[in-house]
Structure formats: C-alpha cells, structure tokens
Amino acid sequence: MRTSVIPDLIDAMVADFASLLGDEVTVSDGYPVTNNPGTYLFVGVDDPTDRTPATSATATQDWPLATPTGRHEEGDVTLAAESWNGEADQKRARDEVFGVAGIIQNRLRASKTLGVPGVLWLNFTDLRLEQAQSPAGAAALLTFRIQFKARL
C-alpha cells in the first residue's frame, strides 16, 4: 500500500515536463546543479537560489471510511520556472518563464492526472513572479504550485 502519491507525482512531473519542454528548458528534480544562463524548471523547489531544504510538497490525508483502505489525499507540489539571460532583457526573461508555465497549464488541461494511479485531478495555482537586473543580466523567477487530489 502506498503512503502517498507525492513521490510518483513528482517523478511524473519531471519526466513529463522534460519531454514537453525539450532541449530549450532544463528540468531539474529539486535544486539545480548548474548556474549558467538559460531557462529552467525546478520541480519541488520554490527558490532555486536558496540552498536550504525546500518544502517540495505538502499534503493532508483522511480516512473517510471506517476501514484501513480508501484514504483521500490532497496537497500540492511547488515548482519554479527561472530564466536568466546575459543581457538586460527583462521582457525576454519574463516571457520565458510564463511560456514554461503556459506549456504546463496546457498539459494539465489535456491530462488531469499525468497518468499517476490514484490521482483524481491536478490544478495549476498560486503564481508568484520575481524579477531582477544585475551586471550579469536580467532574470525572472515564476513560482507556482500544482494542487492534487488523490484516492489511495
């Protein structure tokens, strides 16, 4: 019996979104392992610049039936899209992260479960945009969550 859908859901997001986004976007399971200009999607990270432990996902469970089976789980997984260019092109950085978010939103419209057994639905929510300019160029960070409801 599974404890939670979270591990399977994160695995599905990493694989599915990497396939969708192709070579133009680097998809990372957790914190990034690079610090180069480009566009990234971090699954389970809300701030890729902060190397302290991240709250990757949260969930609550309940047993609505008087049996040890039939648990319900609700929660969310945090993701961050980041774009950093070596130029002072803030619009391009912002457009890149919203482009990544748009591809993910479209995927969730097409597949409400990403094929994860037990997941009933997924929902894209809670966007937060942060922007920065420095001598190294323009950067944009868009964090969001994907909510889920599942039956275990």
Side-chain angles (χ1 to χ4, degrees), residues 1-61 71-132 136-152:
M1 182 181 302
R2 292 189 314 179
T3 303
S4 171
V5 299
I6 290 173
D8 294 334
L9 191 52
I10 289 174
D11 291 347
M13 288 179 185
V14 170
D16 196 82
F17 298 159
S19 174
L20 281 173
L21 296 168
D23 294 335
E24 299 298 314
V25 178
T26 301
V27 177
S28 174
D29 185 350
Y31 282 114
V33 292
T34 184
N35 193 24
N36 295 323
T39 301
Y40 300 88
L41 176 67
F42 310 114
V43 179
V45 173
D46 61 350
D47 182 355
T49 64
D50 181 8
R51 299 303 181 153
T52 61
T55 301
S56 299
T58 61
T60 59
Q61 293 183 357
R71 289 174 292 133
H72 292 168
E73 183 175 40
E74 291 185 48
D76 58 67
V77 177
T78 303
L79 293 91
E82 180 181 48
S83 183
W84 168 38
N85 58 61
E87 305 155 13
D89 193 344
Q90 190 67 66
K91 177 177 176 19
R92 189 174 94 202
R94 183 177 52 251
D95 288 350
E96 286 287 326
V97 296
F98 275 94
V100 169
I103 290 169
I104 291 171
Q105 282 183 338
N106 286 338
R107 177 66 176 131
L108 296 178
R109 286 183 188 105
S111 173
K112 289 300 226 177
T113 67
L114 295 179
V116 177
V119 172
L120 302 174
W121 57 258
L122 300 168
N123 182 42
F124 186 102
T125 187
D126 295 334
L127 285 79
R128 183 183 78 215
L129 174 65
E130 298 175 58
Q131 300 182 119
L141 176 66
L142 180 67
T143 55
F144 53 93
R145 292 196 306 230
I146 296 179
Q147 294 175 326
F148 67 88
K149 184 163 189 164
R151 182 168 168 103
L152 300 171

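Values below: every heavy atom of this structure, side chains too, minus hydrogens, waters and symmetry copies. We number each residue from 1, following the sequence as shown.
Looking at Ser4 and Gln61, their side chains come closer than 4.5 Å, going by heavy atoms from C-beta outward. Contact of the Glu73 side chain with the Thr60 side chain is not registered, since no non-hydrogen atoms from C-beta on lie closer than 4.5 Å. At a threshold of 4.5 Å between non-hydrogen side-chain atoms, the residues Arg107 and Leu114 count as touching. No side-chain heavy atom of Asn123 sits under 4.5 Å from any side-chain heavy atom of Leu108. Looking at heavy atoms from C-beta onward, Ser28 lies out of side-chain contact with Val43 at the 4.5 angstrom threshold. Annotation: side chain of Val100 is not in contact with side chain of Leu142 (no heavy-atom distance under 4.5 Å). A heavy-atom distance below 4.5 Å is found between the side chains of Ile146 and Ile104. Contact check for Val27 versus Leu21: side-chain heavy atoms found under the 4.5 Å cut-off.
Residue pairs satisfying the ring pair (Phe, Tyr, Trp, His ring centres under 6.0 Å) criterion with at least one member in residues 4-46, sequence neighbours excluded, are listed as follows: Tyr40-Phe42. The ring pair (Phe, Tyr, Trp, His ring centres under 6.0 Å) analysis of residues 89-132, with sequence neighbours excluded, yields the pairs Phe124-Phe144.
Side-chain contact of Thr125 with Gln147: a donor-acceptor pair under 3.5 Å is absent, judged by distance alone.
With sequence neighbours excluded, the residues satisfying salt bridge (Lys or Arg N to Asp or Glu O under 4.0 Å) with Arg128 are Glu130. In terms of the salt bridge (Lys or Arg N to Asp or Glu O under 4.0 Å) criterion, Asp46 has no residue partners (sequence neighbours excluded). Scored by the salt bridge (Lys or Arg N to Asp or Glu O under 4.0 Å) test, Asp47 finds no partners at all (sequence neighbours excluded). In terms of the salt bridge (Lys or Arg N to Asp or Glu O under 4.0 Å) criterion, residue partners of Arg145 (sequence neighbours excluded) are, by chain and number, Asp76, Asp126.
Looking at Arg92 and Glu87, a side-chain N of the basic residue comes within less than 4.0 Å of a carboxylate O on the acidic one, giving a salt bridge.
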Open item on the list: Working note: Glu82 + Thr39, criterion side-chain contact (heavy atoms from CB on, under 4.5 Å); need CA distance, chi angles, decisive distance, verdict.
Closed with: CA-CA 6 Å; Glu82 180 181 48; Thr39 301; over 6 Å; no
Open item on the list: Walk me through whether Val77 and Leu9 qualify under side-chain contact (heavy atoms from CB on, under 4.5 Å).
Closed with: CA-CA 8 Å; Val77 177; Leu9 191 52; 4.2 Å; yes
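Contact detail for Ala93 and Ser83: the closest heavy-atom pair is O-CB, 3.5 Å. Listed here is the closest heavy atom pair of Thr143 and Ala80: CG2-CB, 3.8 Å. The minimum heavy-atom distance linking Pro117 with Val5 is given by the pair O-CG1, 4.1 Å. A pairwise comparison of heavy atoms in Arg2 and Gly118 identifies NH2-CA, 4.0 Å as the closest pair. Looking at every heavy atom in both residues, Ala81 comes nearest to Val97 through O-CG1, 3.3 Å. Listed here is the closest heavy atom pair of Ala140 and Gln90: CB-NE2, 4.2 Å.
Although no hydrogens or angles enter the test, the distance criterion places no donor-acceptor pair under 3.5 Å between the side chain of Asp11 and the main chain of Ala15. Counting only distance, with no hydrogens or angles, the side chain of Gln131 and the backbone of Arg94 share no donor-acceptor pair below 3.5 Å. A donor-acceptor pair is defined here as one N or O able to donate and one able to accept, closer than 3.5 Å; such a pair exists between the side chain of Arg71 and the backbone of Thr3. With hydrogens and angles disregarded, a donor-acceptor distance shorter than 3.5 Å links the side chain of Trp84 to the backbone of Ala136.
Between Met13 atom CE and Phe148 atom CZ the span is 8.0 Å, to the nearest 0.5 Å.
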